[in-house]
Amino acid sequence: MRDVLAGVLIIGFALLFLVPGLEYGVGTINRPGAGGLPVVTAAVMIALGVMVGLTGFRQRNSVDQAVSINLSRVRHIALVAAAILGFAFSIERVGLIPATVIVIVLASLADRKSRAVPTIVVAAVISVVIWLIFKVGLNSSVPLFERPF
C-alpha cells in the first residue's frame, strides 16, 4: 500500500510541473521552448510514479504494509522546505550571500547533530565561493548584498 501511495504522490507532484510547462510551450528538439524541461521532467516523473505504483500493486498480496508518518522525517522535510522558501523570499530583499546563509542555517537545523560553529564556517566558505564565482569569475550583476529597507 505504501508504494501505491508513493506512486500517486509522485504523479501528483509531476502534474504540478506538467500543467504550467505545457502553457509555456514545449518547442522542438532543435529549439526547445520554456516549457520543454518541465514537461520532460514531469513525463519522467510520471513514468517513475506509475512504475512505483505498479510495484505496490504487485506486492499487495504480500505482507500488509501500514502507512505511518515518522515525525522526525516530517521535521527534516519541513526545515529543508523552509530553507528553500527562505532563499526564494529573501534573495531579492537581502541579496545572494545573505539568502545563502539563511538556507545553510535553516537546513542545518534539520540535523539534530549540527553545531553552530561548523554551520558558520560552511556559510562563510560558501559565501566566499559565491563571491569568487559571481563577482570575480563571471563579473555578474547579481547583487550579493541588498539593503532590506
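Numbers here are sequence positions counted from 1.
Atom CG in Leu106 sits 10.0 Å away from atom CG in Leu85 (nearest 0.5 Å). One finds the OG atom of Ser127 at 6.0 Å from the CD1 atom of Ile104 (value rounded to the nearest 0.5 Å). Distance check, rounded to the nearest 0.5 Å: CD1 of Ile133 to CG of Leu138 gives 7.5 Å. The distance from atom CD1 of Ile91 to atom OG1 of Thr100, rounded to the nearest 0.5 Å, is 6.5 Å. Interatomic distance, Ile11 CD1 to Leu18 CG, rounded to the nearest 0.5 Å: 11.5 Å. With values rounded to the nearest 0.5 angstrom, Arg75 atom CZ is found 8.5 Å from Asp111 atom CG.
A pairwise comparison of heavy atoms in Ala99 and Val94 identifies N-CG2, 4.0 Å as the closest pair. Scanning both residues, Gly35 and Tyr24, for their nearest heavy atoms gives N-CB, 3.6 Å. Taking each heavy atom of Val4 and Gly53 in turn, the nearest pair found is CG2-O, 3.7 Å. Taking both residues in full, the closest heavy atoms of Thr119 and Ser114 are given as OG1-CB, 4.4 Å, listed atom of the first, atom of the second, then distance. Nearest heavy-atom pair across Met45 and Ala14 is CB-CB, 3.6 Å. In plain terms, the two heavy atoms of Pro98 and Leu144 that are nearest each other are CD-O, 3.2 Å.
Not counting sequence neighbours, Phe89 has no partner by the ring-ring contact (aromatic ring centres under 6.0 Å, His included) test. Shown here are the ring-ring contact (aromatic ring centres under 6.0 Å, His included) partners of Phe87, two or more places apart in sequence or in another chain: there are none.
Connection of Leu54 to Val52 is not established within any shared hydrophobic cluster, with ILVMFWY side chains joined at heavy-atom distances below 4.5 Å, either directly or through further cluster members. Connection of Ile120 to Phe145 is not established within any shared hydrophobic cluster, with ILVMFWY side chains joined at heavy-atom distances below 4.5 Å, either directly or through further cluster members. There is no path of hydrophobic side-chain contacts, each under 4.5 Å, that joins Val19 to Leu16. Val101 and Leu109 fall into different hydrophobic clusters, where Ile, Leu, Val, Met, Phe, Trp and Tyr side chains are chained together by heavy-atom contacts under 4.5 Å. Cluster annotation: Val103 is connected to Ile126 through the hydrophobic network of ILVMFWY side chains, with a link wherever side-chain heavy atoms come within less than 4.5 Å.
Looking at Ser108, its side chain does come within 3.5 Å of a backbone N or O of Val105 through a donor-acceptor pair.
Counting Ile, Leu, Val, Met, Phe, Trp and Tyr side chains that sit under 4.5 Å apart, directly or through other members, Leu48 shares a hydrophobic cluster with Val44, Met51.
Leu15 has its side chain within reach of Ile46: a pair of non-hydrogen atoms, C-beta onward, lies under 4.5 Å apart. Under the 4.5 Å side-chain criterion, counting only non-hydrogen atoms from C-beta, Phe134 is in contact with Leu96.
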